[in-house]
> 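Handing you this structure, nothing more for now.
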Amino acid sequence: PSFIGSTLEKMLFFRNRLVVLSRNNVITSKTNDFFNFFSTSAMTETSSDPIDLQASSTFPTTIFDGIEVNTGLLLFSSNQQFLFTTDSDALTPTTAKINYLSSYNYNPKTVPFSMGVTSGFINSTGKNSRIFEMADIKREGEPTVLEQSKLVSKKLPIDLTIPTSSFVLSATDLALVDFSCAYLTS
């Protein structure tokens, strides 16, 4: 596996596989064998073999986090978003792929969060934090990305790091790392 000797950024579960994010690589375990990252045979490839793909980009990128969406695993680097997906029903080494989605800044000190059928993330560039919502995530084509904090963007501090969302209240809660202040947007 390509993560040997490299920093592990995040570990996730996706489609009965353990997923490791390391640099610009997405590495999965064998299907239903979460700690096995080695192929059954060097001569043939099976559908349950591990997957090891690299996100290609025009400039260096490190994938920091991901969140599962209907079409695959949405991946976040500090300035780009990718989709780890397949065009087939089964996620196998031959059908898996990583597609470029968009180029929005993402704060790697935060985590992406589910907002029901959409996904949210925090951008902490400039003087203030901004909250983005990504919708219409497809295997091909760009998603719809909306800045949900536009009306209050000058009020949000740069160091927001703890997002969570409430489906019942249709709201997003944000907090500073030291919990000195909390913000609620809807």
Side-chain angles (χ1 to χ4, degrees), residues 1-122 132-145 163-165 167:
S2 60
F3 63 76
I4 294 176
S6 300
T7 303
L8 304 183
E9 299 297 335
K10 187 79 170 197
M11 294 173 58
L12 308 159
F13 283 103
F14 179 65
R15 289 204 178 182
N16 289 329
R17 294 176 182 259
L18 180 64
V19 178
V20 175
L21 305 178
S22 177
R23 295 183 302 178
N24 57 346
N25 297 312
V26 177
I27 305 102
T28 72
S29 67
K30 292 182 76 167
T31 306
N32 294 322
D33 192 0
F34 301 127
F35 302 108
N36 188 350
F37 290 90
F38 296 95
S39 297
T40 305
S41 167
M43 301 294 285
T44 61
E45 188 174 82
T46 66
S47 61
S48 65
D49 274 350
I51 300 168
D52 197 334
L53 292 177
Q54 187 175 47
S56 60
S57 176
T58 54
F59 47 92
T61 186
T62 298
I63 300 172
F64 291 104
D65 212 333
I67 187 169
E68 188 170 355
V69 294
N70 285 342
T71 52
L73 187 63
L74 180 58
L75 303 169
F76 290 86
S77 74
S78 59
N79 49 21
Q80 292 181 339
Q81 291 74 45
F82 300 92
L83 185 66
F84 177 59
T85 188
T86 180
D87 289 330
S88 173
D89 289 338
L91 180 67
T92 69
T94 55
T95 64
K97 62 183 181 175
I98 298 177
N99 294 336
Y100 164 82
L101 285 180
S102 58
S103 289
Y104 288 89
N105 288 324
Y106 164 73
N107 182 353
K109 295 178 182 172
T110 66
V111 293
F113 50 96
S114 175
M115 299 174 76
V117 295
T118 62
S119 297
F121 61 97
I122 296 177
F132 286 95
E133 180 178 10
M134 188 178 287
D136 300 325
I137 302 167
K138 303 175 200 134
R139 289 183 184 100
E140 306 295 331
E142 291 188 13
T144 303
V145 181
T164 187
S165 60
F167 305 123

> Do we see a donor-acceptor contact under 3.5 Å between the side chains of T40 and K30?
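K30 and T40 do have a side-chain donor-acceptor pair below 3.5 Å.
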> Would the distance check show the side chain of N107 and the main-chain N or O of K109 forming a donor-acceptor pair, the cut-off being under 3.5 Å?
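Flag set: sc N107 to bb K109 pair under 3.5 Å.
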> Rounded to the nearest 0.5 Å, how far does OG1 of T144 lie from CG of D136?
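Result: 4.0 Å between the selected atoms.
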> Distance-only, no hydrogens or angles: does the D52 side chain make a donor-acceptor pair with backbone N or O of S2 under 3.5 Å?
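Present.
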> Is there a donor in the side chain of R17 and an acceptor in the side chain of T31, or the other way round, less than 3.5 Å apart?
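Yes, side-chain donor-acceptor contact under 3.5 Å.
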> Is there a side-chain contact between F37 and I4 in this structure, where contact means two heavy atoms from C-beta onward sitting under 4.5 Å apart?
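Counting from C-beta outward, F37 and I4 never come under 4.5 Å.
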> Heavy atoms only: give me the nearest I27-S22 pair and the separation to one decimal.
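So the minimum-distance heavy-atom pair works out to CD1-CB, 4.2 Å.
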> Report yes if the side chains of L12 and D65 come closer than 4.5 Å at any heavy-atom pair, otherwise no.
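SC-SC contact between L12 and D65 confirmed.
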> Nearest 0.5 Å please: distance from the CD1 atom of I98 over to the CD atom of Q54.
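Reported to 0.5 Å precision, the distance equals 8.5 Å.
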> Closest heavy-atom contact between P50 and P93?
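Reported closest heavy-atom pair: O-CG, 3.5 Å.
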> Is the gap between the ring centers of F64 and Y106 under 6.0 Å?
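Here the rings of Y106 and F64 have centres that are no less than 6.0 Å from each other.
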> Evaluate side chain to side chain contact (heavy atoms under 4.5 Å, CB included) for F3 paired with L8, printing each intermediate quantity in order.
CA-CA 7 Å; F3 63 76; L8 304 183; 3.6 Å; yes
> In terms of heavy-atom contacts, does CZ of F35 have more than 12 from other residues, nucleotides or ligands at under 6.0 Å?
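No, because the 6.0 Å sphere around CZ of F35 holds 12 heavy atoms or fewer from other groups.
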> Quick check: do L74 and L101 have side-chain heavy atoms less than 4.5 Å from each other?
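When only atoms from C-beta onward are counted, L101 and L74 do touch, with a gap below 4.5 Å.
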> Under the criterion side chain to side chain contact (heavy atoms under 4.5 Å, CB included), I'd like the reasoning laid out for N16 against L91: C-alpha separation, chi angles, the key distance, then a yes or no.
CA-CA 10 Å; N16 289 329; L91 180 67; over 6 Å; no
> Indicate the atoms forming the closest heavy-atom contact of K138 with T71, along with that distance.
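Taking K138 first and T71 second, the nearest heavy atoms are CA-CG2, 4.3 Å.
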> Name the one of T85, D89, T86 that satisfies side-chain hydrogen bond (donor to acceptor under 3.5 Å, both in side chains) with T95?
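Of all the options given, the one that passes is T86.
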> Does the side chain of V26 come within less than 4.5 Å of V19's, by heavy atoms?
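Yes - at least one pair of side-chain heavy atoms lies under 4.5 Å apart.
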> With no hydrogens and no angle check, is any side-chain donor or acceptor of S114 less than 3.5 Å from a backbone partner on S119?
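Not confirmed, S114 side chain does not pair with S119 backbone.
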> Between CG of L18 and CG of N32, what distance do you get to the nearest 0.5 Å?
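It is 12.0 Å, given to the nearest 0.5 Å.
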> If you round to the nearest 0.5 Å, how far is CZ of R23 from OG1 of T62?
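Output value for this atom pair is 8.5 Å.
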> Rounded at 0.5 Å granularity, tell me how far OG in S29 sits from CG in D49.
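One gets 11.0 Å once the value is rounded to the nearest 0.5 Å.
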> Give the minimum heavy-atom separation between F38 and P1, together with the two atoms involved.
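That closest heavy-atom pairing would be CE2-CD, 3.3 Å.
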> What do you reckon, is CG of D87 surrounded by more than 12 foreign heavy atoms closer than 6.0 Å?
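Yes, because the 6.0 Å sphere around CG of D87 holds more than 12 heavy atoms from other groups.
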> For the pair Q80 (side chain) and Y100 (backbone), establish whether a donor and an acceptor sit closer than 3.5 Å, ignoring hydrogens and angles.
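Such a contact is absent between Q80 side chain and Y100 backbone.
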> Let me know which of F84, F121, F132, F113 forms a ring-ring contact (aromatic ring centres under 6.0 Å, His included) with F76.
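By the ring-ring contact (aromatic ring centres under 6.0 Å, His included) criterion, F76 pairs with just one of F84, F121, F132, F113: F121.
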> Which heavy atom of A55 sits nearest a heavy atom of I63, and at what distance?
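In terms of heavy atoms, the two residues are closest at CB-CD1, 3.7 Å.
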> Rounded to the nearest 0.5 Å, how far apart are OG1 of T118 and CD1 of I137?
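CD1 of I137 is found 8.0 Å from OG1 of T118.
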> Ignoring hydrogens and geometry, is there a side-chain-to-backbone donor-acceptor pair from T28 to I51 under 3.5 Å?
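At least one qualifying donor-acceptor pair exists.
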> For a quick test of reading the model, state the closest non-hydrogen atom pair linking F82 to S56 and the distance between them.
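Residues F82 and S56, closest heavy atoms: CE2-O, 3.6 Å.
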> Among side-chain atoms of S102 and E142, is any donor-acceptor pair under 3.5 angstrom?
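No - no donor-acceptor pair under 3.5 Å links their side chains.
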